[in-house]
2 protein chains.
Amino acid sequence: MGWFLERVAVYKVTGSENSLLRIGPPGPNILLTMSDRRTQILDAAATLISERGFTSTSVDDVIKGAKLSGKSHFYHYFKSKEELGYEVLNRQFERFAERGLAILREPMIDPLERLNLFIDAVVALQSESGGRRGSPFGNLAAELADAHEGFRVRIEAVFERWASQIRSLLWEARPQLHDDVDAVRLSRFIIAALEGAVLMTRVKRDLSVLEGIAADLKRFIAMHVRDGAAMQHNRAVE
Amino acid sequence: MGWFLERVAVYKVTGSENSLLRIGPPGPNILLTMSDRRTQILDAAATLISERGFTSTSVDDVIKGAKLSGKSHFYHYFKSKEELGYEVLNRQFERFAERGLAILREPMIDPLERLNLFIDAVVALQSESGGRRGSPFGNLAAELADAHEGFRVRIEAVFERWASQIRSLLWEARPQLHDDVDAVRLSRFIIAALEGAVLMTRVKRDLSVLEGIAADLKRFIAMHVRDGAAMQHNRAVE
DNA sequence: GGTGATTAGGACCACTCGGTCCTAATTTGT
DNA sequence: ACAAATTAGGACCGAGTGGTCCTAATCACC
């Protein structure tokens, strides 16, 4: 039985297989390498929460979804529904970081091209649920930002990490951009437009809404490109 | 005792004062001229729902907020919590139509200038709650679009009426706009950006987020303006 | 093979949920 | 003034809610 440090939390290595259990105090933005059962519960909860929201997903629903035997079986793995929610959020961000945000860091592609590819990826990710099921972050944000400070700060952190990825991409692309481009503002605009687009798409049950907004968003970004630098649509004002 | 038709619903006129009770079947988009008690309940519910969401607002909370005596007192005025939710949504749209959308129709102002003023109005409306409390439509959309079809179609209708106002403004402004401007797409983009901005603002608890996105959105709209036409001054040709 | 930790399982708790029922007070039209 | 309609009030319901407790079964390890 040994100890090691991963990210911020202390884990205790137990038994066979790769089942790790965190026993240190929970900190923000921790993603555990969990036992299979934990993963199973987390996956079931993620689906349910993204379908019906956090408050409307009961612990019993999660238990049913993860095919657990009973309440205490669940509470053996998670100390509360709240903690479950936090970890689901973390896992979903990690998933998004792998499948979406990663594009922003591809070193071999032109940064502005990467930004377009990232927008395409968001559209593609949304298409997987057929236009339903918005961004898990946007959903939780709308549901809990006012009511639950714990979730609010965690969602804020998610958006911040997302924005910072875009900011560093814009920094990388700065030779191609107008001098007065405000990376902070532009990164926020991109995220807001995408989150709003996903929301509208969900309400209208029509993926073309997202596609249209994504196309417009690309044009807006192109507006910030220097007249000389090639990126087809240069009708820059100012 | 008399009968008359207002909007879509049949009302029965009772007693003194202006207390009207709908007795016809409920249809979409009906706004009742209600008894004072109904208004009182609706107002309390609107506050609570915008603070904590629909599912997290209990009927008992509403009763407490509206200072009613008990459950059946509430159920005397509303046949269900769901119906209450629908009417709150309608009232909130009506309020938004009066205080926000109305600007889009001001006949004496240049249409594109009106659009900017409208965006300012959205920022101002949001400022009233100090950056908390998002658009009531966006909140309900995120919370219920997947889970509750009844709400979904009503929220869709709200966004559609909003979009159509913007579309007709853009139609009015078409002499000043590029020929290839797609009014449907642009109107959706504006709404999505604003809804996304309000959401981000709420998460970050920072009004400047909304202000920045609003400024960028104006620049995006300006991108569609013909090179010759200046937006500020009324140069509209009909 | 026994022992201590881990995993399962079920009964149960106090409380809240949306909603109903039934009766008393008040207001209404005549 | 009086009966009918409306408004108010409280007790109550069955089904959930998040969460605890206590006991079996299973497991790793000496």
Side-chain angles (χ1 to χ4, degrees), chain A residues 1-3 11-23 34-41 45 48-49 52-88 144 147-148 150-151, chain B residues 1-3 11-23 34-41 44-45 48-49 52-88 143-144 147-148 150-151:
Chain A
M1 185 178 293
W3 299 82
Y11 300 90
K12 184 168 63 167
V13 187
T14 80
S16 60
E17 58 164 339
N18 59 345
S19 79
L20 304 181
L21 259 185
R22 181 185 60 192
I23 66 159
M34 334 157 207
S35 75
D36 291 344
R37 261 279 139 73
R38 271 180 83 88
T39 317
Q40 189 184 357
I41 296 173
L48 288 166
I49 290 173
R52 359 219 264 221
F54 181 73
T55 47
S56 296
T57 299
S58 73
V59 176
D60 282 328
D61 291 336
V62 175
I63 287 166
K64 216 171 291 168
K67 296 193 173 68
L68 297 184
S69 61
K71 276 272 181 60
S72 55
H73 194 177
F74 170 86
Y75 280 97
H76 177 67
Y77 292 100
F78 296 90
K79 64 181 267 263
S80 68
K81 189 195 175 190
E82 193 182 26
E83 198 210 339
L84 170 75
Y86 292 161
E87 294 197 24
V88 165
L144 300 169
H148 197 301
F151 272 102
Chain B
M1 184 180 296
W3 300 81
Y11 299 89
K12 185 166 66 167
V13 187
T14 79
S16 60
E17 59 164 338
N18 59 344
S19 81
L20 304 181
L21 259 187
R22 182 185 58 193
I23 66 158
M34 328 145 214
S35 75
D36 291 344
R37 264 278 139 75
R38 272 180 82 87
T39 317
Q40 189 182 358
I41 297 173
L48 289 166
I49 290 173
R52 357 219 266 221
F54 180 73
T55 47
S56 297
T57 298
S58 72
V59 175
D60 282 326
D61 292 336
V62 175
I63 287 166
K64 216 172 292 170
K67 297 193 173 71
L68 297 184
S69 60
K71 276 270 179 62
S72 54
H73 194 177
F74 170 86
Y75 280 97
H76 178 66
Y77 292 101
F78 295 90
K79 63 181 267 266
S80 68
K81 189 194 173 190
E82 193 182 27
E83 197 209 339
L84 170 74
Y86 292 161
E87 293 196 24
V88 166
E143 185 183 353
L144 302 168
H148 198 301
F151 272 102

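Note that the coordinates shown come from a computational prediction; the quantities given were computed from them, not determined experimentally. Chain naming here is simple, since letters A, B, ... match the order of the sequence lines and numbering starts at 1 in each.
Proximity of A/H76 to the phosphate of C/dT7: a side-chain N or O atom is located under 4.0 Å from OP1 or OP2. Contact annotation: B/S58 does not reach the phosphate of C/dT16 (side-chain N/O to OP1 or OP2, under 4.0 Å). Considering only side-chain N and O atoms, A/S69 lies under 4.0 angstrom from the phosphate OP1 or OP2 of C/dG9. Residue A/R37 places at least one side-chain N or O closer than 4.0 Å to OP1 or OP2 of C/dA8. Proximity of B/Y77 to the phosphate of D/dT6: no side-chain N or O atom is located under 4.0 Å from OP1 or OP2.
The base of D/dG10 lies close enough to the side chain of B/S72 for a donor and an acceptor atom to sit less than 3.5 Å apart. Judged by distance alone with a 3.5 Å cut-off, a donor-acceptor contact links the side chain of B/K71 to the base of C/dG19.
In this structure, of C/dT20, C/dC17, D/dG19, it is C/dT20 that holds the atom nearest to the side chain of B/Y75.
Rounded to an integer number of Å, the gap from NZ of B/K64 to P of C/dG18 is 12 Å. Look at CD on A/E83: it is 14 Å from C1' on D/dG18, rounded to the nearest Å. Rounded to an integer number of Å, the gap from CG of A/D60 to C1' of D/dA15 is 12 Å. Straight-line distance from the NE2 atom of B/H73 to the P atom of C/dG19: 17 Å, rounded to whole Å. Nucleotide C/dT6 holds its P atom 20 Å from the CZ atom of A/F74, rounded to whole Å. One can place NZ of B/K79 at 9 Å from P of C/dG19, the figure rounded to the nearest angstrom. Here D/dA8 presents its P atom at 15 Å from NZ of B/K67, a figure rounded to the nearest Å.
Using a 4.0 Å heavy-atom distance criterion, A/S56 is classed as making no nucleic acid contact. If you check every strand for non-hydrogen atoms under 4.0 Å, A/T55 touches nothing.
Side-chain contact between A/R37 and A/H76 is absent, with no heavy-atom pair separated by less than 4.5 Å.
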Enumerate donor-acceptor pairs with a distance under 3.5 Å from any side-chain N or O in residues 66-74 of chain A to protein atoms, sequence neighbours excluded.
| unit_1 | atom_1 | unit_2 | atom_2 | d |
| --- | --- | --- | --- | --- |
| A/S69 | OG | A/H73 | ND1 | 3.0 |
| A/H73 | ND1 | A/S69 | N | 3.3 |

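Between atom CZ of residue A/F54 and atom CG of residue A/L84 there is a gap of 6.5 Å, rounded to the nearest 0.5 Å. Atom-to-atom distance recorded for A/Y77:OH and A/T39:OG1 is 10.5 Å, nearest 0.5 angstrom.
Looking only at distances, no side-chain donor or acceptor of A/R52 sits under 3.5 Å from a matching main-chain atom of B/A147.
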